[in-house]
Enquirer: 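Mind having a look at this structure? Questions to follow.
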Amino acid sequence: MLTVGLYGSFELRVEGGDWMTCRTAVVPAGVRYELNLHGQPLGEYYPEPNVASQFALTSLLTHADQRDSVLVSQANGINFMRDWYEDRGSHEWVSHALAELIECDARQRGRPSIDRRLAAVITHLQAHPDDLTSADDLARRHHLSASRFRHLFSEQVGVPYRRYRM
């Protein structure tokens, strides 16, 4: 998840640790955290795991430091989030801009994409959110053992299948 203070800093605390003041942050899936916004608006971007990994989001931050499993920055380098907030008609161009940034970053880093079988499962779940097919059945459909499916899902998506479904 990419988190951006639109007009100023916010505080973030990971799993009961110390509060950190930051302007932008990337929080990996599965990390428990709290935010203190001080009444200010916040922009958040949650890419689906078949669209972008946390590595793609890191390219959006400047002068960032790794702290308590999150990447935080004091820099105000993500102005398009504020533009999106202020101009509701900007939805389309912002979506295209984010897609291009993430695609470019993935090419430059040469990171492997998510397993094609998991990508198919996630695409299916997005198209059919009420489908309650079990992990075992999905694994069989995609020629994986149930244990391998669960392991791959947790490893590549960042959260277990059950939590993702919730």
Enquirer: To the nearest 0.5 Å, tell me how far L2 CG sits from E44 CD.
Expert: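 Here the interatomic distance stands at 8.5 Å.
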Enquirer: Taking everything shown except H38 itself, do over 12 heavy atoms lie less than 6.0 Å from its NE2?
Expert: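 Yes, because the 6.0 Å sphere around NE2 of H38 holds more than 12 heavy atoms from other groups.
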Enquirer: Look at atom CG of D18 and say whether more than 12 heavy atoms of other residues, nucleotides or ligands are closer to it than 6.0 Å.
Expert: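 At most 12 heavy atoms, drawn from other residues, nucleotides or ligands, come within 6.0 Å of this atom.
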Enquirer: Would you give the length of the straight line joining atom OG1 of T21 to atom CD of E11, rounded to the nearest 0.5 angstrom?
Expert: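 Answer for the OG1-CD pair, T21 versus E11, is 4.5 Å.
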Enquirer: Please step through side chain to side chain contact (heavy atoms under 4.5 Å, CB included) for the pair S154 and Y161, ending with a clear verdict.
Expert: CA-CA 7 Å; S154 292; Y161 172 76; over 6 Å; no
Enquirer: Quick one: are R23 and S73 in side-chain contact, heavy atoms under 4.5 Å?
Expert: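 A side-chain contact is absent here, since even the closest heavy-atom pair is not under 4.5 Å.
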Enquirer: For residues A139 and A146, report the shortest heavy-atom separation together with the two atoms involved.
Expert: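 In terms of heavy atoms, the two residues are closest at CB-CA, 3.9 Å.
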Enquirer: Within the structure provided, determine whether Q74 and D65 are in side-chain contact (heavy-atom separation under 4.5 Å).
Expert: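 No, too far: nothing below the 4.5 Å cut-off.
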Enquirer: Yes or no on side chain to side chain contact (heavy atoms under 4.5 Å, CB included) for R150 and E155, after CA distance, side-chain angles and deciding distance?
Expert: CA-CA 8 Å; R150 285 186 179 90; E155 178 182 75; over 6 Å; no
Enquirer: Does any part of the side chain of T3, heavy atoms only, come nearer than 4.5 Å to the side chain of L12, both counted from C-beta?
Expert: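 No - every pair of side-chain heavy atoms lies 4.5 Å or more apart.
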Enquirer: Going by heavy atoms in the side chains, are V121 and H142 under 4.5 Å from each other?
Expert: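 They are in side-chain contact.
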Enquirer: Hey, mind stepping through S134 and D136 against side chain to side chain donor-acceptor pair (under 3.5 Å) and telling me if it holds?
Expert: CA-CA 5 Å; S134 71; D136 292 353; 5.2 Å; no
Enquirer: Got V72 and T24 here, is their nearest side-chain heavy-atom distance under 4.5 Å?
Expert: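 When only atoms from C-beta onward are counted, T24 and V72 do not touch, as no gap falls below 4.5 Å.
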Enquirer: Could you tell me which non-hydrogen atom of P41 sits nearest to which non-hydrogen atom of Y7, and how far apart they are?
Expert: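 Heavy-atom minimum between the residues: CG-CD1, 3.4 Å.
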Enquirer: So, does Q156 use its side chain to make a donor-acceptor pair with the main chain of A119 at under 3.5 Å?
Expert: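 No, because the side chain of Q156 does not come within donor-acceptor range (under 3.5 Å) of the backbone of A119.
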Enquirer: Do the side chains of L6 and Q40 get nearer than 4.5 Å, heavy atoms only?
Expert: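 Of all side-chain heavy-atom pairs linking L6 with Q40, none is under 4.5 Å.
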Enquirer: What's the spacing between D130 CG and L125 CG if we round to 0.5 Å?
Expert: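 Output value for this atom pair is 11.0 Å.
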Enquirer: Can D68 and E15 be said to form a side chain to side chain contact (heavy atoms under 4.5 Å, CB included), step by step?
Expert: CA-CA 9 Å; D68 295 332; E15 301 199 34; over 6 Å; no
Enquirer: What is the distance from atom OG of S145 to atom CG of L152, rounded to the nearest 0.5 Å?
Expert: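 S145 atom OG to L152 atom CG measures 9.0 Å (nearest 0.5 Å).
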Enquirer: Considering all heavy atoms of both residues, which atom of F153 and which atom of P160 are nearest to each other, and what is their separation?
Expert: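 Closest pair (atom of F153, atom of P160, distance): CD2-C, 4.0 Å.
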Enquirer: So, are R13 and E34 salt-bridged, with charged N and O less than 4.0 Å apart?
Expert: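 Counted as a salt bridge, because a side-chain N and a carboxylate O are separated by less than 4.0 Å.
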Enquirer: Between F149 and L138, is there a side-chain heavy-atom distance shorter than 4.5 Å?
Expert: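 Heavy-atom side-chain distance check passes, below 4.5 Å.
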Enquirer: Working note: H124 + D131, criterion side chain to side chain contact (heavy atoms under 4.5 Å, CB included); need CA distance, chi angles, decisive distance, verdict.
Expert: CA-CA 9 Å; H124 173 78; D131 183 355; 2.6 Å; yes
Enquirer: Roughly how far, to the nearest 0.5 Å, is the CZ atom of R67 from the SG atom of C22?
Expert: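 Rounded to the nearest 0.5 Å, the SG-CZ separation comes out at 7.5 Å.
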Enquirer: If I take atom CG from residue N36 and atom CH2 from residue W19, how far apart are they, to the nearest 0.5 angstrom?
Expert: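 Between N36 CG and W19 CH2, I get 5.0 Å after rounding to 0.5 Å.
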Enquirer: Is there side-chain contact between M1 and Y33, with heavy atoms separated by less than 4.5 Å?
Expert: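 They are in side-chain contact.
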